[in-house]
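Beneath this line is the structure, given in structure tokens, with notes to follow.
Numbering of residues begins at 1 and proceeds along the displayed sequence. Quick caveat: nothing in here was measured; it's all calculated off a predicted structure.
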Amino acid sequence: MSGRVGQHRTALAALGAVVSIVSTALMAAGGSWASGPSAAPAFACRVDYATNDWGSGFGADVTIANLGASAVNGWTLTYSYTGDQTLQHGWSGAWSQSGRKVTVTNTNWNGTIPAKGSVRAGATFSYSGGNAEPTDFAVNGATCTGDNPTTTTTTTTTTAPVDGSAPELRVSGNRIVTSDGVPHRLLGVNRSSGEFACVQGKGMWDGGPVDQASVDAMKTWNIHAVRVPLNEECWLGVHGEPGGAPYRQHVEDYVDLLVANGINVILDLHWTWGAYANSPDWHCKDEHAVCQKPMPDARYSPQFWTGVATTFKGNDAVVFDLFNEPYPEMAADWDKTAGWQCWRDGGTCTGIPYEVAGMQDLVDAVRSTGATNVLMLGGLEWANDLREWLTHKPVDPLGNIAVSWHAYSFNACATETCWDAQVAPVAQQVPIVLGEFGQDDCGFDYMRRLVDWADAHHIGYLAWTWNPWGCTTGAVLIKDWNGTPEPGVGEGLKAHLLSVTP
């Protein structure tokens, strides 16, 4: 999507009740149960609890750490509040509440807690009055006290340190992982304007700040990734102002600032060159990069990616999203076979008058520089259709490719039924990043369903957009550059981001 952004406000999570349980181990002998002084604990655990409170509600994040030497299969966490905290919405577990008692049971995908490992779950609550943290955590019926009789536990977190650099990333199987092999999801927002301001007489960044204060505002929303759309003609100095070296320096400075603050960056090729004379009435026909074209062009796009890859080679905290929203099948009168062939191979494509650079061409352009960055590739129908993505996946000698998926409430694939049928099978084989998502009425109900589904399928997501343009038809997250959330969409996303970790 172009020309829309969103921002976030800060909330720090905080309170940490650390408790753990030592249960007495029982042994079965001859059909009866016996225990003795030398019996080892069956399950020693620690529960970490943190909240992000915004006054009338809060997000709760719980981590159950298995301190023992054996995996635990199946878990149920219970605890109680002392006030009127009321469960609203939970994820990564089956959440329920009876009176003041909260119960969380594992899902089918996180039921095993490895030895020395942990699982996380989260929920949002409403409340009034006090919000004291609970103290009676129990797992599988045994009170957690945190004692570990045999070992000292070292807790590993996938969250970038507050003052640390963003992690370097690579693809491993169907997950994006850090250099240490820890799974890491890209969770955050898009920061629009780098794609349009330079060709609309608005200079750079549409007048919005790209300084430390603006990044601090993002961090208050627990944003760990920012997608930055770019313009190929501005980068190359072909058209637009600033263009060439000044534009590239602006981009490089912003990327460096974000990465230094622990935020991964996705650089996205958004607007490209190429006259599209057969475009529908709502679409511009200008050959310059002043709008979204159906496919990247062979004239400039490979050159753009060679330059970007050369600039950020060696910084694997930066991800490359090779082309925003392909839709070559529309130019081919909705011929999906022709569309997917054009998508991968480029060349002369039905209905597109300029020579197309296919996804394989762009992968080759990046890898020719020696850059090892993770690459994201969107499917057809404005990156919403992934049905033939695996069949047409380009060849990457590094195997470092992820899917870029866009899912708005007005897209064709906008229900759990469709996601289960078309997206989940892809997610089982390749990492998926929801590079853009939103809904068209400034609410959060569709977006909530989508992020819940994405959380359950280990999919990262970045909402459109972190720009204070006023939310009248959707997809604008903030009221100002301080991160004040728009009602509905902004408040909902902020609360959710504060409740999850990469």
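Side-chain contact annotation: N400 with R170, donor-acceptor N/O pair under 3.5 Å absent. A donor and an acceptor atom, one from each side chain of H496 and Y461, are located under 3.5 Å apart. H270 and D268 share a donor-acceptor pair across their side chains, judged by distance under 3.5 Å alone.
Without hydrogens or angle criteria, N411 side chain to A414 main chain gives no donor-acceptor distance under 3.5 Å. Not one N or O on the side chain of Y247 forms a donor-acceptor pair closer than 3.5 Å with the backbone of G237. Although no hydrogens or angles enter the test, the distance criterion places a donor-acceptor pair under 3.5 Å between the side chain of D441 and the main chain of G443. Listed for the E232 side chain is no donor-acceptor partner under 3.5 Å among the backbone atoms of T272.
Expressed to the nearest 0.5 Å, how far NE2 of H250 lies from CE of M204 amounts to 6.0 Å. Note that CG of L434 is 13.0 Å distant from NE2 of H457, once rounded to the nearest 0.5 Å. Annotation: the span from H458 atom NE2 to N174 atom CG amounts to 8.0 Å, rounded to 0.5 Å. The line from CG of L386 to CG of L380 is 9.0 Å long, rounded to the nearest 0.5 Å. Interatomic distance, D256 CG to N315 CG, rounded to the nearest 0.5 Å: 7.0 Å. Between atom OG of residue S301 and atom CD of residue E355 there is a gap of 11.0 Å, rounded to the nearest 0.5 Å.
With a 4.5 Å cut-off on side-chain heavy atoms, L497 and I223 count as touching. Residues N264 and H184 form a side-chain contact, since some pair of their non-hydrogen atoms from C-beta on lies under 4.5 Å apart. You'll find the side chain of W389 stays beyond 4.5 Å of the side chain of T391, heavy atoms only. Between D335 and D333 there is no side-chain heavy-atom pair separated by less than 4.5 Å. A heavy-atom distance below 4.5 Å is found between the side chains of V189 and L493. Counting only heavy atoms from C-beta outward, the side chains of F304 and P296 never approach each other to under 4.5 Å. The side-chain heavy atoms of R449 and W419, taken from C-beta on, include a pair separated by under 4.5 Å. Side-chain contact between E233 and V199 is absent, with no heavy atoms from C-beta onward closer than 4.5 Å.
Classification of the W340-W343 ring pair by plane angle, with boundaries at 30° and 60°, yields perpendicular. The aromatic rings of W235 and F312 sit tilted relative to each other, their planes meeting at an angle between 30° and 60°. By the 30° and 60° cut-offs, the orientation of the rings of W271 relative to F196 is tilted.
D316 meets the salt bridge (Lys or Arg N to Asp or Glu O under 4.0 Å) test with no other residue; sequence neighbours excluded. Residues passing the salt bridge (Lys or Arg N to Asp or Glu O under 4.0 Å) test with K393, sequence neighbours excluded: none. Among residues two or more places apart in sequence or in another chain, the side chain to side chain contact (heavy atoms under 4.5 Å, CB included) test is passed with A421 by none. For R299, the salt bridge (Lys or Arg N to Asp or Glu O under 4.0 Å) test picks out no residue, with sequence neighbours left out. Taking the salt bridge (Lys or Arg N to Asp or Glu O under 4.0 Å) definition, one finds that E388 meets it with nothing, sequence neighbours left out. Take D61 and apply the side chain to side chain contact (heavy atoms under 4.5 Å, CB included) test, not counting sequence neighbours, and it matches T63, R120.
Heavy atoms from other residues, nucleotides or ligands lying under 6.0 Å from CD of E168 number more than 12.
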- prompt: E195 and Q292: side chain to side chain contact (heavy atoms under 4.5 Å, CB included), yes or no, with the steps?
  reply: CA-CA 10 Å; E195 76 276 30; Q292 169 72 44; over 6 Å; no
field: Stepwise side-chain hydrogen bond (donor to acceptor under 3.5 Å, both in side chains) test for N384 and E325
entry: CA-CA 8 Å; N384 183 243; E325 292 183 343; over 6 Å; no
message: Please evaluate residues R367 and W305 with respect to the criterion side chain to side chain contact (heavy atoms under 4.5 Å, CB included), reporting the C-alpha separation (whole Å), side-chain torsions for both, the decisive distance (0.1 Å), and the verdict.
response: CA-CA 10 Å; R367 297 298 182 232; W305 277 117; over 6 Å; no
field: Audit row: D440, Y446, side chain to side chain contact (heavy atoms under 4.5 Å, CB included) steps and yes/no
entry: CA-CA 9 Å; D440 54 7; Y446 165 80; over 6 Å; no
- request: Starting from the C-alpha separation in whole Å, work towards a yes-or-no answer on side chain to side chain contact (heavy atoms under 4.5 Å, CB included) for N373 and V366.
  value: CA-CA 9 Å; N373 306 65; V366 171; 5.7 Å; no
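Tested against I266 for a side-chain contact (heavy atoms from CB on, under 4.5 Å), the candidates V374, L462, V228 yield a single pass: L462.
Aromatic ring centres of Y408 and W464: separated by at least 6.0 Å.
Ionic pairing of K336 and E381 is present here: one or more N-O contacts between side-chain nitrogen and carboxylate oxygen are shorter than 4.0 angstrom.
The two atoms that bring G460 and L187 nearest to each other are CA-CD2, 3.9 Å, heavy atoms only. For the residue pair M295 and G358, the shortest heavy atom distance occurs at CE-CA, 4.4 Å.
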